[in-house]
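Notes follow the structure.
We name chains A, B, ... by the order of the sequence lines, and we start the count at 1 in each one.
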There are 2 protein chains.
Amino acid sequence: MSSISKRRESLIKSLYTRHGRKKHDLCICEGIRSCGDLFVSNPGLVEFIVASDALDMLLPDDKEIVRIPADEFKKLSATVSSQGILAVVKKPEFIHDIQPEDPFIVVLDGVADPGNFGTIVRTVRAAGLKELWYTAGGVDPFNDKAIRAAMASQFVIGLRRFENIQELLGELHRYGYNRVYRTDVKTGRNCFLESELFDKSAIIIGGEAHGAGEAGDAISLTIPMPGDEESLNAAQAATVIIFEYVRRLTS
Amino acid sequence: MSSISKRRESLIKSLYTRHGRKKHDLCICEGIRSCGDLFVSNPGLVEFIVASDALDMLLPDDKEIVRIPADEFKKLSATVSSQGILAVVKKPEFIHDIQPEDPFIVVLDGVADPGNFGTIVRTVRAAGLKELWYTAGGVDPFNDKAIRAAMASQFVIGLRRFENIQELLGELHRYGYNRVYRTDVKTGRNCFLESELFDKSAIIIGGEAHGAGEAGDAISLTIPMPGDEESLNAAQAATVIIFEYVRRLTS
């Protein structure tokens, strides 16, 4: 009977914690679509693959594959209805000291929900952008739930990490992104009418609890909301703005 | 020492299951913002409130409030870091047999993730729309996680529920919504260029796994994606389309 070693079992379990990911510099990518995407987009990061005996999916022939019974797989999985595949993956290097190519930079400041963070990574990629910048203090982008929500786009998009918003603003200016916007629920400029919104600019999306922090002389930016809802979810606000860019690009 | 009765404890636990919500016709609204919104928007639905002794929030004085110790509250809560308040709430009636007022109808067909469903309800409300239509077979809109993701907008927005897409299409036609769109990842009309998109129309958003089902002679609608991501998350696709409506309304 095939089995997984105790050492690897405890490695995988530790990678569901921030501490474990930091210690081993590894993370978990789970699910058929996410793993499938990873195997094509960045196979060099894959350390080994764990697959259920019941899995019917073409797997890379140059990677070590640990096949285990379906019920044993369930115990390793972080999902309720697992798809029978996960990969243990090296965390990609953060980007630094390279001039960005994107026309504007999406910045996440204090986004704490892994589903929101991951969804924004996936949306940034869908828009054809190459980078996402964020400040420490929110969620770990390599949290397994964030990876699932992103469909593993963390391994394709370049991430830049900063200790705080001041450090991040310094880097923006260094690379010539001098127009900084900050989302604000009520009193900013209308995002649909701001003609230079995507012109060597940065747009700061705040976290779920407190919105975007103070950021020097950032310009307040508002998404119009005709309804009586107080605010949009952080990932929805990011999506509206990112796809306003796509609309202008493609219309 | 204050406490909660065994009967109510087991009622609350059963309301975290679809079966329990159906049996009792009740659901759980948890969290400060969601409960705060509910107490203003639709207080008549509230059966009783359970609050932690540690909670510091103004509560309605015409509702029964069960105060319990914080550690006892934690056991009733569905969240990891609970905010110390939940309400047991009557499920609102579904809408039927009334002419809709919205210029277009957002339709969810097979959306199975409670976070996605709830986020879309919240976004529909933010856009000033009054209704959301959906087909059975996906998530229960009164799932506690869907209610948290919607910030309790289920108690404000009118929901219409249909057994299947055919029954739903029949009702659309009955009310004069004769232009039906169906989101399609690749080969449809560009949502940003479709001039009659919000003119007595309906837009079907498909579920996470299989997209929108077949729907007669629905027009395929595509959100342009310059990047190499395969598709957007269902809630992101809905948000792009709903806020394209807001953009046209406000620009």
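- Around NZ of Lys63(B), the count of heavy atoms belonging to other residues, nucleotides or ligands within 6.0 Å exceeds 12.
- Summarising the local packing, NZ of Lys74(B) is surrounded by 12 or fewer heavy atoms from other residues, nucleotides or ligands at distances under 6.0 Å.
- With a threshold of 4.5 angstrom between heavy atoms, Ile242(A) does not approach chain B through any atom at all.
- Smallest separation of non-hydrogen atoms from Ala127(B) and Pro226(A): O-CG, 3.5 Å.
- The environment of NZ in Lys22(B) is sparse: at most 12 heavy-atom neighbours from other residues, nucleotides or ligands sit within 6.0 Å.
- Your options are Asp37(A), Asp228(A), Val124(A), and the one with the most heavy-atom pairs under 4.5 Å with chain B is Asp228(A).
- Here Ala126(A) is the residue among Gly115(A), Ser251(A), Ala235(A), Ala126(A) with the most heavy-atom pairs under 4.5 Å with chain B.
- More than 12 heavy atoms of other shown residues, nucleotides or ligands fall within 6.0 angstrom of atom CD in Gln99(B).
- Between chain B and the options Asn233(A), Thr123(A), Val156(A), Leu249(A), the largest number of non-hydrogen pairs under 4.5 Å is found for Asn233(A).
- Of the atoms belonging to Ala238(A), not a single heavy atom falls under 4.5 Å from chain B.
- Taking CE of Met225(A) as the start and CZ of Arg125(B) as the end, the distance is 10.0 Å to the nearest 0.5 Å.
- Environment of NZ in Lys91(A): crowded, with over 12 heavy atoms of neighbouring residues, nucleotides or ligands closer than 6.0 Å.
- Using a 4.5 Å heavy-atom threshold, the side chains of Val240(B) and Thr239(A) count as touching.
- Both the backbone and the side chain of Leu232(B) come within contact range of chain A, with heavy atoms under 4.5 Å apart.
- The line from CE of Met151(A) to CD of Glu230(B) is 8.0 Å long, rounded to the nearest 0.5 Å.
- Only the side chain of Ile223(B) has a heavy atom closer than 4.5 Å to any heavy atom of chain A.
- Heavy-atom neighbours of Ile98(B) CD1 from other residues, nucleotides or ligands within 6.0 Å: above the threshold of 12.
- When heavy atoms are compared at a cutoff of 4.5 Å, Asn190(B) approaches chain A solely by way of its side chain, counted from C-beta outward.
- No part of Leu129(A) comes within reach of chain B, as not one of its non-hydrogen atoms sits under 4.5 angstrom from that chain.
- Side-chain contact, Ser153(A) with Glu229(B): a donor N or O sits under 3.5 Å from an acceptor N or O.
- Looking at every heavy atom in both residues, Phe243(A) comes nearest to Pro224(B) through CE2-O, 3.3 Å.
- Looking at Arg122(A), its side chain does come within 3.5 Å of a backbone N or O of Ser231(B) through a donor-acceptor pair.
- Separation of atoms OG1 (Thr119(B)) and CD (Gln236(A)) is listed at 5.0 Å; rounding is to 0.5 Å.
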